[in-house]
Amino acid sequence: MEVIETKIDTGSEEYKKNFNSMKALVDDLRAELKKARDDRSEKARKRIEEVGKLPVQKRLDLLLDKNTPFLEIGALAAKDMYDGKVYGAGSIAGIGIVEGREIFVHANDPMIKGGTIYPMGVKKSLRSQRIVMENRLPMIYLIDSGGAFLPLQSEIFPDYDDGGRVFYNQAMTSKMGIPQIASVMGLCTAGGAYIPAMSDDVVHVKGTGAIFLGGPPLVLAATGEEVTADELGGAELHCMESGVSDYYAEDDAHAMAIVRSIVKNLPENKKYPLSMKDPDPPLYDPAEIYGIVSRDLKTPYDVREVIARIVDRSEFLEFKELYGPTLVCGWAYIHGYPVGILGNNGILFSNSALKATQFIQLCDKRKIPLVFLQNINGYIIGREYERIGITKDGHKMVNAVSTATVPKFTVIIGASFGAGNYGMCGRAYSPRFLWNWPNAEIGVMGGEQAADVLVTVKNDQNKRLGLPPLTDDEVKAIKVPIIAAAKKEGDAYYSTANLWDDGIIDPASTRDVLGLSISAALNAPIRDDAYGYGIFRM
Ligand code: COA
């Protein structure tokens with residue numbers, strides 16, 4: 001394999017300018033992540049101390065193997081939603097290592113409104129379960145939740161992708177033979193009672209953990225019976241009498257030790273064997289990515305320079321280098337795992353879409369995971385391109401991306417617009433994981449273009465009605481709010497708040513994040529798809 005030779009001048013003014021602006025974005029990201037971790041009220045801190053609970057971060061420290069990585073999912077979910085303080089949508093979730101084994105953990109944070117479930121909290125639970133099912137990772141629930149956040153109950157209740165789906169997914173996960181372990185560290189009320197009930201193993205903490213279909217206030221109102229939470233659903237009742245719980249824990253630390261023992265006792269899971277190579281770092285420092293990528297998405301750069309800072313030894317076997325040059329495709333290794341990489345070097349044309357289609361099929365046949373580095377404004381438009389069938393060729397790429405059975409991983413490293421988002425494996429195309437860089441922008445189209453479309457539509461309408469064209473003020477009245485909304489809603493933070501991605505990452509850690517993502521994905525077999533591909537329009 002050839003080594004990518006860099007053409008970047010790290011002493012240039014442009015490099016320094018790019019570097020400083022990306023560094024500022026990464027500093028902001030770190031500050032946001034820290035706030036999401038630490039910003040809790042004194043009242044909430046005191047309350048959990050009083051009742052003898054540990055903060056969620058401490059529980060995780062006790063659960064996970066020391067000095068091992070944690071690939072957090074949805075750390076900034078629900079950012080700026082609700083009262084602005086429902087950090088991570090009220091939970092911490094991610095892939096960690098317990099007793100040497102990759103697991104997924106989903107832990108409610110009792111210091112955020114009693115661990116109650118907001119609409120985005122449901123979305124995060126469902127995303128977590130999807131990761132568990134797709135990658136066959138054992139699931140550990142650390143439950144400590146006041147149940148539905150009642151003022152928004154109608155938004156989380158009855159639909160296909162609302163709260164009930166969590167328990168449906170648990171039943172399906174169980175059917176798939178994926179272990180689910182629940183540790184009851186606080187309330188599991190009403191629907192929440194089914195999380196432990198539908199798990200394979202239930203650990204129950206004395207004094208603070210309680211499981212019931214109706215809490216004490218509801219029981220009092222409905223039956224007149226006066227009971228404490230512990231009497232109604234505590235560890236003694238469920239470990240000694242009802243049999244709902246399996247393991248009695250003296251406190252949080254003991255519960256985490258029991259969960260670790262349960263994981264240790266699980267039968268071994270053989271990971272899918274890819275043809276690995278020795279992992280070696282890239283020749284060039286990954287932090288140099290800061291200086292390569294311009295803050296202005298319109299300024300082009302060669303995506304090979306990014307690839308050179310992600311892959312082992314900066315080695316890259318490029319496929320069809322001279323054909324369809326706006327899409328760079330090729331093979332490399334990341335932390336020893338073989339990957340097929342697709343990275344944008346401009347807008348997608350017919351030839352780049354055809355090249356992508358062939359490349360995806362090759363990787364799929366050879367069982368090589370796909371990595372998409374998305375920086376795409378869309379497919380080329382215009383009469384000449386329609387005449388030669390850009391829609392037909394774009395379809396082939398979208399078809400292949402949709403139906404490939406190898407694990408896919410997407411990093412949005414810049415623009416993600418229009419059908420380019422689809423062809424380059426946006427969220428709807430089921431990449432196992434999707435990460436954003438902090439400079440990412442996502443939308444059907446840029447704000448300026450969207451505003452221009454609407455002005456043209458309005459002027460055409462006026463013409464039909466015999467009215468004069470829009471005045472400058474009228475044009476402004478249409479354009480300004482559209483551009484402002486697109487700017488806000490196209491931002492990486494808006495995406496991550498809505499869980500359209502699994503998180504915003506530091507570009508310099510892309511290689512490590514991809515390595516962990518691929519490793520997690522290999523817990524599931526790569527299967528031959530009985531249906532193969534659909535019909536390719538020729
Ligand atoms: N919906 C909305 N807000 C809720 C809530 C719910 N289900 N449960 C708790 N909260 C809020 C409280 O109003 C409080 O808000 P504040 O900090 O703004 O005052 C915050 O969460 C913490 O609650 P608090 O009772 O002070 O904390 P705690 O640690 O003593 O107890 C619970 C936490 C969850 C055990 C307790 O609040 C409780 O029993 N909640 C009701 C549970 C229930 O019956 N849910 C049924 C819904 S399915």
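Keep in mind that this is a model prediction, so the values were computed, not measured.
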Asker: Taking it one step at a time, do K46 and E49 satisfy salt bridge (charged side-chain N to carboxylate O under 4.0 Å, His left out)?
Answerer: CA-CA 5 Å; K46 276 213 182 98; E49 214 180 297; over 6 Å; no
Asker: Assess the residue pair K270 and E268 against the criterion (salt bridge (charged side-chain N to carboxylate O under 4.0 Å, His left out)); give the C-alpha distance rounded to whole Å, side-chain angles, the decisive distance to 0.1 Å, and a yes or no.
Answerer: CA-CA 6 Å; K270 290 250 180 308; E268 197 192 341; 3.5 Å; yes
Asker: Set out, in order, the CA-CA distance, both residues' side-chain angles and the distance that settles side chain to side chain donor-acceptor pair (under 3.5 Å) for D144 and N108, then state yes or no.
Answerer: CA-CA 6 Å; D144 191 346; N108 305 117; over 6 Å; no
Asker: Is there a donor-acceptor contact under 3.5 Å from the side chain of S416 to the main chain of I412?
Answerer: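 Between the backbone of I412 and the side chain of S416 there is no qualifying donor-acceptor contact (under 3.5 Å).
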Asker: Assign the ring pair W500 / Y494 to parallel, tilted or perpendicular, where the plane angle (0 to 90°) is split at 30° and 60°.
Answerer: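 Correct class here is perpendicular.
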Asker: Would you mind checking if D251 and K206 are paired as a salt bridge, meaning a charged N to carboxylate O distance below 4.0 Å?
Answerer: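 No, K206 and D251 are not salt-bridged.
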Asker: What I want to check is whether the side chains of W435 and S517 have a donor and an acceptor closer together than 3.5 Å.
Answerer: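 Yes, side-chain donor-acceptor contact under 3.5 Å.
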Asker: Just to verify, which of K277, R511, M276 counts as forming a side chain to side chain contact (heavy atoms under 4.5 Å, CB included) with H335?
Answerer: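 The side chain to side chain contact (heavy atoms under 4.5 Å, CB included) with H335 is passed solely by R511 among K277, R511, M276.
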Asker: Under 3.5 Å, which donor-acceptor pairs link side chains of residues 111-122 to any protein atom two or more places apart or in another chain?
Answerer:
unit_1	atom_1	unit_2	atom_2	d
T116	OG1	K113	O	2.8

Asker: Dump the intermediate steps for side-chain contact (heavy atoms from CB on, under 4.5 Å) on Q129 and V166, then the final yes or no.
Answerer: CA-CA 8 Å; Q129 292 181 319; V166 171; 3.5 Å; yes
Asker: Which atom pair, heavy atoms only, marks the closest approach of P69 to L516?
Answerer: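 Nearest pair, atom of P69 first, then L516: CG-CD2, 3.7 Å.
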Asker: Taking side-chain contact (heavy atoms from CB on, under 4.5 Å) as the definition, give me every residue that meets it alongside D280, ordered by chain and number, with sequence neighbours left out.
Answerer: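 Residues passing side-chain contact (heavy atoms from CB on, under 4.5 Å) with D280: R313.
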Asker: How far apart are the closest heavy atoms of D200 and P179, and which atoms are they?
Answerer: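 For D200 and P179, the tightest heavy-atom pair comes out as OD2-CA, 3.3 Å.
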Asker: Are Y429 and Y422 near enough that their ring centres are under 6.0 Å apart?
Answerer: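 They qualify: ring centres under 6.0 Å apart.
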Asker: Walk me through it: do S245 and H238 pass the test side chain to side chain donor-acceptor pair (under 3.5 Å)?
Answerer: CA-CA 5 Å; S245 305; H238 284 312; 5.2 Å; no
Asker: Any side-chain to backbone donor/acceptor pair from Q180 onto P138? Under 3.5 Å, distance only.
Answerer: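 Not at all, since once roles are kept as given, no pair shorter than 3.5 Å links the two residues.
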Asker: State, yes or no, whether a side-chain contact exists between L342 and V328 at a heavy-atom distance under 4.5 Å.
Answerer: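 With C-beta onward as the side chain, the pair stays apart.
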Asker: Measure from the side-chain N and O atoms of R427 to the backbone N and O of L499, and report whether any donor-acceptor pair falls under 3.5 Å.
Answerer: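 Flag set: sc R427 to bb L499 pair under 3.5 Å.
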Asker: Assess whether side chain to side chain donor-acceptor pair (under 3.5 Å) is satisfied between Q361 and Y533, documenting all intermediate values.
Answerer: CA-CA 9 Å; Q361 287 182 300; Y533 288 92; 5.1 Å; no
Asker: Can you check whether T405's main-chain N or O pairs, donor with acceptor, with D364's side chain at less than 3.5 Å?
Answerer: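 Looks like yes, one N/O pair under 3.5 Å.
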Asker: Take F212 and T189, measure what side-chain contact (heavy atoms from CB on, under 4.5 Å) needs, and give me the verdict at the end.
Answerer: CA-CA 5 Å; F212 30 63; T189 315; 3.8 Å; yes
Asker: For Y194, does the OH atom have more than 12 heavy-atom neighbours from other residues, nucleotides or ligands under 6.0 Å away?
Answerer: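 No, OH of Y194 has 12 or fewer neighbouring heavy atoms, counting only those of other groups under 6.0 Å.
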Asker: Should we say atom CD of Q57 is surrounded by more than 12 heavy atoms from elsewhere, each under 6.0 Å from it?
Answerer: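 Counting other residues, nucleotides and ligands, CD of Q57 exceeds 12 neighbours.
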Asker: Quick one, V132 and I178 - any side-chain contact, counting heavy atoms below 4.5 Å?
Answerer: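 In contact.
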Asker: Where is the tightest heavy-atom contact between P369 and V406, given as atom of each residue plus distance?
Answerer: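 The pair with the smallest heavy-atom distance is CA-CB, 4.2 Å.
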Asker: Tell me if a side-chain donor or acceptor on K408 pairs with a main-chain N or O of V401 at a distance below 3.5 Å.
Answerer: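 Looks like yes, one N/O pair under 3.5 Å.
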Asker: Using side-chain heavy atoms (C-beta onward) and a distance below 4.5 Å, is W331 in contact with C363?
Answerer: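 Answer yes - side chains close enough.
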Asker: Scan side-chain atoms only and decide if K85 and S41 contain a donor-acceptor pair under the 3.5 Å cut-off.
Answerer: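 The criterion, which ignores hydrogens and geometry beyond distance, is not satisfied for S41 and K85.
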Asker: Do Q374 and N344 have side-chain atoms, one donor and one acceptor, less than 3.5 Å apart?
Answerer: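 There is no such pair between these side chains.
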Asker: Using a strict 4.0 Å threshold on nitrogen-to-oxygen distance, state whether R130 and E134 make a salt bridge.
Answerer: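 Counted as a salt bridge, because a side-chain N and a carboxylate O are separated by less than 4.0 Å.
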Asker: With a 4.0 Å cut-off on N to O distance, would you call K34 and D38 a salt bridge?
Answerer: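 Salt bridge: yes.
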Asker: Apply side chain to side chain donor-acceptor pair (under 3.5 Å) to N269 and R101, showing your working.
Answerer: CA-CA 9 Å; N269 180 42; R101 176 158 180 169; 5.1 Å; no
Asker: Is there a side-chain contact between S519 and Y337 in this structure, where contact means two heavy atoms from C-beta onward sitting under 4.5 Å apart?
Answerer: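 Sidechains of Y337 and S519: in contact.
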Asker: How about I131 and F433: do any of their side-chain heavy atoms sit closer than 4.5 Å?
Answerer: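 In short, these two side chains touch, coming nearer than 4.5 Å.
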Asker: For N436, does its backbone N or O pair with a side-chain atom of D501 as donor and acceptor, under 3.5 Å?
Answerer: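 Not confirmed, D501 side chain does not pair with N436 backbone.
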Asker: Counting distance only, does the side-chain N/O of D65 pair as donor-acceptor with the main-chain N or O of G100 below 3.5 Å?
Answerer: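 Between the backbone of G100 and the side chain of D65 there is a qualifying donor-acceptor contact (under 3.5 Å).
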Asker: Using a strict threshold of under 4.0 Å (side-chain N to carboxylate O), is an ion pair present between K66 and D61?
Answerer: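 K66 and D61: not salt-bridged.
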Asker: Does this structure show an ion pair linking D161 with K123, if we count only N-O contacts that are shorter than 4.0 Å?
Answerer: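 No, this pair does not count.
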Asker: For L63, is there any backbone N or O sitting under 3.5 Å from a side-chain donor or acceptor partner on R260?
Answerer: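 Checked: pair present.
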Asker: Within 45° of the six-membered ring axis of Y87 and under 6.0 Å from that ring's centre, is NZ or CZ of R37 located there?
Answerer: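 Negative - R37 is either too far from the ring of Y87 or too far off its axis.
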Asker: Ignoring hydrogens, what is the shortest heavy-atom contact between I211 and P196? Give both atom names and the distance.
Answerer: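 Reported closest heavy-atom pair: CD1-CG, 3.8 Å.
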Asker: Does any N or O in the side chain of T223 come within less than 3.5 Å of the main-chain N or O of L220, such that one atom is a donor and the other an acceptor?
Answerer: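 Pair absent, no side-chain N/O of T223 close to backbone of L220.
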Asker: Closest approach of I143 and A182, non-hydrogen atoms and distance?
Answerer: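 Nearest heavy atoms, I143 then A182: CD1-CB, 3.9 Å.
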Asker: Taking E231 for the side chain and T228 for the main chain, is one N or O donor matched with an acceptor at less than 3.5 Å?
Answerer: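 Yes; at least one donor-acceptor contact below 3.5 Å.
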Asker: N439 and I413: which non-hydrogen atoms are nearest, and at how many Å?
Answerer: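 In this case the closest contact between N439 and I413 is ND2-O, 3.2 Å.
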Asker: Please identify each residue that fulfils side-chain contact (heavy atoms from CB on, under 4.5 Å) with S91, with sequence neighbours left out.
Answerer: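 Here the qualifying residues are H106, K124.
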Asker: Side-chain contact, heavy-atom cut-off 4.5 Å: L60 with V105?
Answerer: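 Yes, their side chains come closer than 4.5 Å.
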Asker: Do L514 and V371 have side chains that get closer than 4.5 Å, going by heavy atoms?
Answerer: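 The answer is yes; the side chains approach within 4.5 Å.
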Asker: Are any of the side-chain heavy atoms of M81 and N498 separated by less than 4.5 Å?
Answerer: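 SC-SC contact between M81 and N498 confirmed.
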